[in-house]
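Structure first, commentary second.
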Amino acid sequence: MPLNIVLGPLAIVFGAVARRQAAVRNGAGMAKAGIILGVVDVVLWLVLLAVATSNGGFSWYVGG
């Protein structure tokens, strides 16, 4: 979960940079996929954060 904070925005930034360079190389589809997945990651992280906040916080306990 903590990696979403870093990797989502990085995917958006690197996708945007790759999209600018797509005219030189054939990578427009991969650049668009990076941007879309980065946005999905950030939105999903915000939704999960809102759900966890409304339920009283996070619990990393796994087991019986």
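Keep in mind that the numbers below use all heavy atoms, side chains included, and drop hydrogens, waters and symmetry copies.
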Do any side-chain atoms of residues 32-43 form donor-acceptor pairs under 3.5 angstrom with protein atoms, and if so which ones, sequence neighbours left out?
from	atom 1	to	atom 2	distance (Å)
Asp41	OD1	Asn4	ND2	3.3
Asp41	OD2	Gly8	N	3.1

Residue pairs passing the side-chain hydrogen bond (donor to acceptor under 3.5 Å, both in side chains) test where at least one lies in residues 6-16, sequence neighbours excluded: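 Found none.
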
Please output the side-chain donor-acceptor pairs of residues 9-16 that fall under 3.5 Å, not counting sequence neighbours, one pair per line with the distance.
none

Heavy-atom pair with the smallest gap, counting every atom of Arg19 and Ala28: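 Nearest heavy atoms, Arg19 then Ala28: NH1-O, 4.2 Å.
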
Non-hydrogen atoms of Leu49 and Thr53 that approach each other most closely: O-OG1, 2.7 Å

Partners passing side chain to side chain contact (heavy atoms under 4.5 Å, CB included) against Leu44 (at least two apart in sequence or in another chain):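 By the side chain to side chain contact (heavy atoms under 4.5 Å, CB included) rule, Leu44 matches Leu48.
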
